[in-house]
Engineer: 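This is the structure I have questions about; it appears just below.
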Protein chains: 2
Amino acid sequence: MNSSTSTKERILTAAEALFAQRGFDGASLRQLTSAAGVNLAAVNYHFGSKEKLVEQVFKRRLDALNQHRLAELAKVAGKPATRLEDVLAAYIRPALELSHEGNGSLFMRVLARAFAEHDDTLRQFLSENYGHVMKQFTAEFARLLPHLDRAELYWRIDLVTGALTHAMSGFGMIQRKDDVSEQQHREQTAAHLIRFAAAGLSHP
Amino acid sequence: MNSSTSTKERILTAAEALFAQRGFDGASLRQLTSAAGVNLAAVNYHFGSKEKLVEQVFKRRLDALNQHRLAELAKVAGKPATRLEDVLAAYIRPALELSHEGNGSLFMRVLARAFAEHDDTLRQFLSENYGHVMKQFTAEFARLLPHLDRAELYWRIDLVTGALTHAMSGFGMIQRKDDVSEQQHREQTAAHLIRFAAAGLSHP
DNA sequence: CGTATGCTCAAACGATCGTTTGATTCTGCC
DNA sequence: GGCAGAATCAAACGATCGTTTGAGCATACG
């Protein structure tokens, strides 16, 4: 038995940090296992290969994030009183909360990297484990923005996604004023992103 | 003498394509020189190192792009009749035109990669060769959006930059309808981005 | 107790990386 | 033509990569 957490979990945590810092290729298994305090061979023993490890790093966070987002979406989807901002909040707030709990912000940088890399296998993995979420949100956006045709809507969602991914990948850097609590800071940031996204989506 | 173009230029062109496709680390000098049809040692002979080559790939395109952007900005900056959309056009249109001339779209993907990577030396190089352009545009944005304080303006510009970088990195993928000329398609795309950015920047 | 199973470990494997070397070829100028 | 400097070439360098190996250790079960 290991010090408080399992070897697999220690590897995943160290991998997330190192991937965010140096990229998937840039982070070597020797740096990674050294940081995690495990043997070099442990990665191939527990995950099979480095590529599988990358997928598991995504899966661990994305499963929780997607579940949270869909739960929030379900609260407002289809209801007459729902505003565009409510749907955006269901998309943005879970990501913000993730990035403020232990080392979660590193995952957003990993995600931003994955978006920039046009690697086919990674993109396919992302669309398999991420696509159904985007589909549900897109359907709700379409309902709330009936004046936009399909092509126009896709365009705007893509632009909003780019802005949010870019912004969230830098959250670790954003300075929080000392007189503002973390709770308040997160609320202000969420309000910022939601208003920006709403303006970009719904402008005439 | 080489076939029509110099060795340096052939390396730069091949490097741009391979960096966009496989990333800076993922593209090896052996793949690169093989694609360029030059000897492996040519990169270190002409550029000194792989890292210097990366910088030159950026410099070749960014010098032209920045010059073009600043020239367009100079036409409208400070004038009373200038609208926000005019400034955004000065920023967006040169990038769009670059991405539609020979292999220029590949550079936009390289740029998107560089944004995602938080590599310090690369970011420093970018801010040295790119920062003064952003400063001039920011000043003009500030003039046209006097109701926003400094922090708010920076926030919105950052979000817009994220959206545009994300969008432009995918331009090679965007399907153009057969009944639309490339000139028209570029105009439509520019109008899209400009309206989106204007809405995101100027919303109340 | 003995043994089977899951895990960890140091060491080595072959492959590939960026870079360097020294010889060879090409180019322009007297 | 001959020579100097630039450019290209095949080959090798040491380093580092992901992965595999086989022995060693721990734990749990009969």
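None of the values given here were measured: they were computed from a predicted structure. Just so it is clear: chains get the letters A, B, ... in the order the sequence lines come, proteins before strands, and each one is counted from 1.
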Engineer: Just how far, in rounded Å, is P of C:dC13 from CG of A:L40?
Structural biologist: 15 Å

Engineer: Mind checking whether B:Y91 and B:F137 have parallel, tilted or perpendicular rings, split at 30° and 60°?
Structural biologist: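 Correct class here is perpendicular.
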
Engineer: Could you list the residues that satisfy salt bridge (charged side-chain N to carboxylate O under 4.0 Å, His left out) with B:K59, not counting sequence neighbours?
Structural biologist: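 By the salt bridge (charged side-chain N to carboxylate O under 4.0 Å, His left out) rule, B:K59 matches B:D63.
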
Engineer: Report the distance from atom CD of B:E9 to atom C1' of D:dA7, rounded to the nearest whole Å.
Structural biologist: 17 Å

Engineer: Hey, can you tell me if A:F24 and A:F58 have their rings parallel, tilted or perpendicular (30° and 60° cut-offs)?
Structural biologist: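 The arrangement is tilted - the two ring planes meet at 30° to 60°.
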
Engineer: Send over the distance from A:N39 CG to C:dT8 P, rounded to a whole Å.
Structural biologist: 9 Å

Engineer: Counting side-chain heavy atoms from CB outward, which of D:dT8, C:dC9, C:dA12 is closest to A:R30?
Structural biologist: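 Comparing D:dT8, C:dC9, C:dA12 against the side chain of A:R30, the answer is C:dA12.
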
Engineer: Using salt bridge (charged side-chain N to carboxylate O under 4.0 Å, His left out) as the criterion, list what pairs up with A:E140, not counting sequence neighbours.
Structural biologist: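 Checked A:E140 against salt bridge (charged side-chain N to carboxylate O under 4.0 Å, His left out); matches are A:R143.
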
Engineer: Which residues pass the ring-ring contact (aromatic ring centres under 6.0 Å, His included) test with A:H203, not counting sequence neighbours?
Structural biologist: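 Once residues adjacent in sequence are excluded, A:H203 has no partner under the ring-ring contact (aromatic ring centres under 6.0 Å, His included) criterion.
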
Engineer: May I ask you to verify if any side-chain N or O of A:T7 is less than 4.0 angstrom from the OP1 or OP2 atom of C:dC7?
Structural biologist: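 No, because none of the side-chain N or O atoms of A:T7 sits under 4.0 Å from OP1 or OP2 of C:dC7.
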
Engineer: With B:F141 as reference, evaluate B:V87, B:V160, B:L148 under the side-chain contact (heavy atoms from CB on, under 4.5 Å) test and give the passing residue.
Structural biologist: B:V87

Engineer: Going by number, which of residues 19-29 of chain B have a non-hydrogen atom under 4.0 Å from DNA chain D?
Structural biologist: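 Close to the strand, none.
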
Engineer: Could you identify which residues of residues 42-53 of chain B place a heavy atom less than 4.0 Å from some atom of DNA chain D, listed by residue number, or say none?
Structural biologist: B:Y45, B:H46

Engineer: Check side chain to side chain contact (heavy atoms under 4.5 Å, CB included) between B:Q67 and all other residues, then give those that pass, not counting sequence neighbours.
Structural biologist: none

Engineer: How far does CG of A:L106 sit from CD of A:Q21, to the nearest 0.5 angstrom?
Structural biologist: 8.5 Å

